[in-house]
Protein chains: 2
Amino acid sequence: MEVRPIDAPRQPEPADSVPYDLIELFFFAYRDFVGDPDRILADYGFGRAHHRVLHFVQRRPGLTIAELLDILQITKQSLNRVLKELVETGYVEQRTGRQDKRQRHLHATVKGQELSLRLDQLQAKRITAALAGVGAESAPVIARYLAGLIDASERHKVQGFLAKPL
Amino acid sequence: MEVRPIDAPRQPEPADSVPYDLIELFFFAYRDFVGDPDRILADYGFGRAHHRVLHFVQRRPGLTIAELLDILQITKQSLNRVLKELVETGYVEQRTGRQDKRQRHLHATVKGQELSLRLDQLQAKRITAALAGVGAESAPVIARYLAGLIDASERHKVQGFLAKPL
DNA sequence: GAGATATGTCAATGATGCTGACGTAAATTA
DNA sequence: TAATTTACGTCAGCATCATTGACATATCTC
């Protein structure tokens with residue numbers, strides 16, 4: 001009564017066109033990449049979502065809610081919870097827009113900058129070590145590869161975003 | 001009464017040792033990388049966790065529960081729910097070990113292999129396109145970079161895992 | 001036979017996301 | 001000026017994926 005699965009022909013037609021190693025390495029690498037910050041964030045009662053918000057706010061002082069939503073691609077309800085917590089605990093500050101008073105410009109406080117930098121440095125350390133293993137001259141190739149993985153429709157926006165780090 | 005955040009000195013000491021572009025590209029790339037499968041999985045009532053289980057079971061026929069837990073690094077309670085669903089819907093099959101009857105050896109059914117391949121091919125397509133952008137000869141460098149991001153304590157295990165795709 | 005091991009399961013909880021609906025203030029446009 | 005749109009906030013409910021802790025069962029090992 002048991003349906004015998006066939007273990008043999010796993011790649012029916014497209015032969016070995018599937019780069020399984022890159023797929024799996026990406027999974028493992030991302031898992032460990034976010035693992036370091038996760039452990040620290042837990043001490044603050046924060047999660048990965050808080051890190052993302054804090055990171056982008058710190059990197060782009062004056063960012064508006066709408067811009068942040070566009071970057072993170074989550075709903076405003078999802079953002080609101082974590083952002084509210086970051087504001088209430090003094091890591092992020094909101095300033096009403098001078099030109100457009102409907103907007104809220106986000107800024108990391110000194111406390112927020114310190115935490116953000118601490119977390120980013122953990123990831124930087126990991127990246128630097130990995131780069132050292134392949135030669136730092138490969139950094140641009142890796143950056144272009146990662147950019148190539150981004151949705152084509154998003155790529156231009158992201159690259160513009162990266163271009164102006166301030 | 002308002003604490004003025006300072007936007008200027010964002011990198012107090014370590015200057016520009018933080019590779020922000022690689023940090024952010026990794027985030028965006030991973031987000032879109034898992035986005036494709038996510039949309040399809042939703043049609044099946046599955047989530048990302050189901051994909052991960054199905055993928056590794058398909059790649060490693062005969063995998064035991066303990067081995068799978070070690071790969072995914074989640075608790076058995078977390079695994080149990082998604083695995084049970086995959087078994088009940090006929091994507092994965094469990095076979096009691098012949099030598100050690102306590103073990104459950106996991107196998108993807110034909111149906112499971114088809115779904116797994118379909119999802120993996122989506123990611124493969126994205127990877128192939130990104131590789132084409134940087135030149136396919138860079139694949140080994142990228143693979144080594146990603147391996148370098150993995151926890152040193154895990155790296156050997158993962159690389160051994162990748163080596164024998166069976 | 002005792003203890004360790006592999007797995008399964010119940011219950012409660014938390015983090016992160018979602019949809020839908022509604023409200024308010026401010027900007028824009030007719 | 002009046003109507004509409006935009007930017008943001010919030011309430012309520014829900015889904016997924018993860019957690020911890022406790023306990024049960026079958027099987028293997030010593």
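All of these numbers come straight from a predicted model, not from anything done at the bench. Below, chains carry the letters A, B, ... as their sequence lines are ordered, and counting in each starts from 1.
Remark: the B:K76 side chain and the C:dG8 base include a donor-acceptor N/O pair separated by less than 3.5 Å. No donor-acceptor contact under 3.5 Å links the side chain of B:R102 to the base of C:dT7.
Remark on DNA chain C: of its neighbouring residues A:K101 and A:A49, the 5'-side contact belongs to A:A49, judged by nearest-heavy-atom nucleotide. In terms of position on DNA chain C, the residue among B:N80 and A:Q73 whose nearest nucleotide sits closer to the 5' end is B:N80. The nearest heavy atom of DNA chain D to A:H105 and to A:Q77 marks one nucleotide each, and the one closer to the 5' end goes with A:H105.
The distance from atom CG of B:L68 to atom P of C:dG8 is 11 Å, rounded to the nearest whole Å. Rounded to whole Å, atom P of D:dA15 lies 13 Å from atom CZ of B:R81. Between the CG atom of A:L79 and the C1' atom of C:dG17 there is a distance of 12 Å, given to the nearest Å. Atom P of nucleotide C:dT5 and atom CG of B:L69 are separated by 16 Å, given to the nearest angstrom. One interatomic measurement links the two molecules: CG of A:L63 to P of D:dA7, which rounds to 14 Å at whole-angstrom precision. Between the C1' atom of C:dG14 and the CD atom of A:E85 lies a distance of 11 Å, rounded to the nearest Å. What separates NE2 of B:H51 from P of D:dC17 is a distance of 13 Å, to the nearest Å. At whole-Å resolution of the value, CD1 in A:I65 and P in C:dA25 are 18 Å apart.
A salt bridge does not link A:K111 with A:E114: none of the charged nitrogens is closer than 4.0 Å to a carboxylate oxygen.
In terms of phosphate contacts, A:S78 brings no side-chain nitrogen or oxygen within less than 4.0 Å of OP1 or OP2 of C:dT16. The phosphate of D:dC8 (OP1 or OP2) has no side-chain N or O of A:Q94 nearer than 4.0 angstrom. Between B:T75 and the phosphate of D:dT19, there is a side-chain N or O to OP1/OP2 separation shorter than 4.0 Å. OP1 or OP2 of C:dT16 lies within a sub-4.0 Å distance of a side-chain N or O belonging to A:H50. For C:dG8, the OP1/OP2 oxygens have a side-chain nitrogen or oxygen of B:R104 closer than 4.0 Å.
Contact annotation for A:R48: backbone-only contact, meaning every heavy-atom pair under 4.0 Å involves sugar-phosphate atoms and none involves a base. Among the atoms of the strands shown, only primed sugar atoms or phosphate atoms (P, OP1, OP2) are found under 4.0 Å from some heavy atom of A:Q99.
Taking the six-membered ring for Trp and the full ring otherwise, the centers of B:F56 and A:Y20 sit at least 6.0 Å from each other. For B:Y30 and A:F33, the ring centers sit 6.0 Å or farther from each other.
Each of B:V34, B:L54, B:L119 was checked for a side chain to side chain contact (heavy atoms under 4.5 Å, CB included) with B:L41, and the lone residue meeting it is B:L119.
Under a 3.5 Å cut-off, the side chain of A:R48 and the backbone N or O of A:D38 do not form any donor-acceptor pair.
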